[in-house]
Every structure is written in structure tokens, then in C-alpha cells.
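Presented below is the structure to which this report refers.
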Amino acid sequence: MDFLRPTTWDEALAAKADQPDAVPIQGGTDVMVELNFDVRRPPALLDLGQVAELREWSTAGGMCRVGAGVPYTAVIEELGATLPGLAQAARTVGSPQIRNRGSVGGNLGAASPAGDSHPPLLAAGAVVEVESRGRGVRMIPAAEFYLGVKRSALEPDELIRAVHVPPATGPQYFSKVGTRNAMVIAVCSFALALHPRERRVGTGLGSAAPTPRRAIEAERLLAAELDWDAPLDPALLRRFGDLCARAAAPIDDVRGTAAYRVHAIGVMARRTLTWAWNDHLGKRAA
């Protein structure tokens with residue numbers, strides 16, 4: 001197995017172009033587990049840990065650009081106010097050691113349905129910046145990035161450079177069910193983001209379908225019927241939860257049954273919308 005270790009972005013793109021079957025490593029928290037258990041044995045590893053620009057983030061042009069190598073710890077400590085939903089999800093990832101190594105870019109690259117960063121990225125309307133040496137930069141909406149279980153829209157010669165996330169303009173929440181309280185892969189998860197200026201609500205479901213996905217019909221329901229100046233209608237809240245649950249298409253596995261996941265998605269949808277709505281009305285009253 002070859003081990004490639006570029007120190008600049010151009011070198012990384014060149015290495016991926018020359019050896020498209022090389023598997024990128026950012027923090028290695030997913031890839032190394034698979035290697036250790038002999039789940040995969042790629043011909044080459046492409047270590048991106050020395051590419052400094054991937055560990056940078058910035059806010060410009062109304063978007064927060066998070067480099068693919070920005071670790072979860074930085075998201076929590078430096079971007080908590082700007083991207084609260086993503087920061088909440090980051091807090092649930094593994095242990096402090098894993099949060100210091102793992103990154104949103106790495107999570108995107110793995111494209112696991114259970115990845116914790118995917119639901120808040122979907123709810124916020126994030127866009128993934130990818131690049132290849134030959135074709136340049138592509139911007140892929142998060143809703144179009146996930147194609148199947150651990151399959152993404154990345155072409156063989158492309159690398160993830162950053163993810164662009166709109167700064168929060170309203171309350172955001174992330175909820176996760178696991179078989180224990182920490183160091184656990186999600187049985188299922190749910191993210192919600194209020195966008196008051198646009199009078200809409202974004203959603204994201206995790207570990208509840210072959211890919212992370214939005215609850216489109218539930219979002220449309222709230223766009224049509226939600227009164228942004230009034231308390232939350234209990235009947236509307238129930239319908240929202242039901243539509244979110246219907247958006248799920250889970251399986252039975254060692255972590256939970258499909259029926260439980262469907263039920264849990266509905267519960268988390270109602271809870272997160274209630275929490276976010278209370279924050280929204282509280283801010284208006286203040």
C-alpha cells in the first residue's frame with residue numbers, strides 16, 4: 001500500500017489525479033477503523049493532514065466556509081454561535097480525542113448515513129466545495145451530495161476542499177438517539193433549523209434511510225401553515241412529526257429496529273421544533 005502525504009492543496013489534487021483509487025484521510029477516525037478490521041485494503045492512502053489550508057475557516061460573502069480539515073473541536077469552540085446546529089452535532093461525536101482528529105470534511109467523505117454532521121448540514125442548506133486538477137471546482141448542495149450507503153457525488157479524481165454553511169439566522173437544534181450516552185454511533189438523529197427571514201424550516205434525518213435526507217413534505221407543511229408570530233399549534237406539531245417519520249426509510253440492524261427508528265424520528269422532530277420555537281418566540285418577546 002502506497003502512502004501519499006502532500007503538503008499543499010495543489011500537490012493533493014495532483015496525487016488524486018494521478019492515483020484516483022487513493023483513499024483520502026483527514027483525521028482517519030473512519031478509515032483507520034476499516035483498515036484495522038480489514039474491511040478495506042486500498043492500493044494507496046492520501047493523507048491530507050499536512051495541507052494547512054484545509055484547517056482554516058472564514059466568514060465572507062454571507063457564508064461560513066469551513067475547511068475540510070477543521071476538526072470538530074474547532075467547530076464547537078469557534079463556530080458554536082455561527083453554526084449552532086453543527087456545533088451541537090459535533091459535541092456528540094466520539095470522545096475528546098476523536099473530536100480533536102475528526103472533521104466535517106472527513107464525515108462528508110465517508111458519506112455514512114449515520115454521520116452526525118450530515119443532518120445539520122442538510123437543515124442549514126450547506127453546499128460542499130469539491131475540486132479536481134483537471135475540471136476545477138464544483139459546488140454540490142448537501143441534499144445532492146449523498147447517493148447511497150457510503151456513496152457520494154464525488155468523482156474519482158475529486159477531493160473535498162470545504163463546506164459552505166449559511167450562518168444561523170434563527171434557532172437550530174440537533175437530537176440523537178444512541179444505545180448509550182456517549183461514544184456511540186447514532187441509532188437515528190434529527191436536525192432542525194429555523195430560517196425566520198425566509199419563513200421556512202430546514203430538516204435533516206440521519207441513520208434513518210440509505211442516505212441522510214431532508215423531510216421535504218414536513219418542511220412544505222410548515223412553510224404553508226406555520227404562523228411565525230403565534231405559539232406553536234399542537235395539531236400542526238403532530239402533523240410535522242408524522243411527516244418527518246414518514247420521510248424515514250430505515251432498516252433493522254444491531255443498533256435498532258426500523259419501527260423504533262421511525263418512532264424516534266417523529267419524537268425528535270416534535271421536540272426539536274418545540275425547543276426552537278420556544279427560542280424563537282422568546283427572542284421576539286425580548
Side-chain angles (χ1 to χ4, degrees), residues 16 20-35 37-46 68 86 89 93 102-132 135 138-164 174 176-178 185-191 202-219 244-262 264-265:
K16 187 62 169 165
D21 52 4
V23 173
I25 291 185
Q26 193 54 253
T29 57
D30 283 325
V31 173
M32 292 309 299
V33 172
E34 294 181 339
L35 292 178
F37 283 92
D38 209 24
V39 174
R40 68 196 299 187
R41 190 62 54 180
L45 294 177
L46 178 58
L86 187 60
V93 174
S103 67
V104 175
N107 215 209
L108 283 165
S112 167
D116 292 318
S117 68
H118 307 316
L121 292 178
L122 288 167
V127 178
V128 185
E129 177 185 346
V130 307
E131 188 173 358
S132 71
R135 287 172 288 107
R138 279 201 304 150
M139 304 297 287
I140 308 173
E144 300 173 13
F145 184 79
Y146 313 104
L147 300 183
V149 177
K150 296 190 176 183
R151 292 194 300 111
S152 73
L154 279 174
E155 297 293 341
D157 63 341
E158 288 180 323
L159 295 171
I160 299 170
R161 188 169 190 173
V163 59
H164 297 245
F174 174 79
K176 173 179 174 179
V177 174
I185 299 173
V187 173
C188 57
S189 60
F190 186 85
T203 60
L205 283 67
S207 202
T211 65
R213 59 172 58 174
R214 292 164 55 196
I216 301 293
E217 292 302 318
E219 294 178 8
C244 288
R246 284 169 52 185
I251 61 171
D252 296 330
D253 65 16
V254 295
R255 295 196 306 276
T257 66
Y260 176 76
R261 286 184 164 102
V262 168
I265 289 290

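Since the model is a prediction, treat every value here as computed from it, not as a measurement.
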Answer whether the closest heavy-atom distance between the side chains of [X] and [Y] falls below 4.5 Å.
X	Y	answer
D21	P42	no
L35	R40	yes
L159	L46	yes
F145	V163	no
C188	L205	no

Please report the closest heavy-atom contact between [X] and [Y], naming both atoms and the distance.
X	Y	value
S103	Q26	OG-CG, 3.2 Å
P113	P210	CG-O, 3.2 Å
A248	V262	CB-CG2, 4.5 Å
G105	I160	O-CD1, 3.8 Å
A218	C244	CB-SG, 3.6 Å
F190	P119	C-CB, 4.5 Å

Short question: side chain of [X], backbone of [Y] - any donor-acceptor pair under 3.5 Å?
X	Y	result
R255	G178	no
E144	P141	no
S207	A186	yes
E219	T203	yes
K16	S132	no

Distance, nearest 0.5 Å, that separates [atom1] of [X] from [atom2] of [Y]:
X	Y	atom1	atom2	result
R138	E131	CZ	CD	11.5 Å
L108	S152	CG	OG	8.5 Å
R261	D252	CZ	CG	8.0 Å

Start with the C-alpha distance between N107 and V93, add both sets of side-chain angles, then the distance that settles side-chain contact (heavy atoms from CB on, under 4.5 Å), and finish with yes or no.
-> CA-CA 11 Å; N107 215 209; V93 174; over 6 Å; no

Using a cut-off of 6.0 Å, state whether more than 12 heavy atoms not belonging to L45 lie near its atom CG.
->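 Check passes, neighbour count above 12.
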
Neighbour count above 12 (heavy atom, 6.0 Å) for R246 CZ |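 Incorrect, the count does not exceed 12.
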
What residues form a ring pair (Phe, Tyr, Trp, His ring centres under 6.0 Å) with Y146, not counting sequence neighbours?
->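 Per chain and number, Y146 pairs via ring pair (Phe, Tyr, Trp, His ring centres under 6.0 Å) with H118.
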
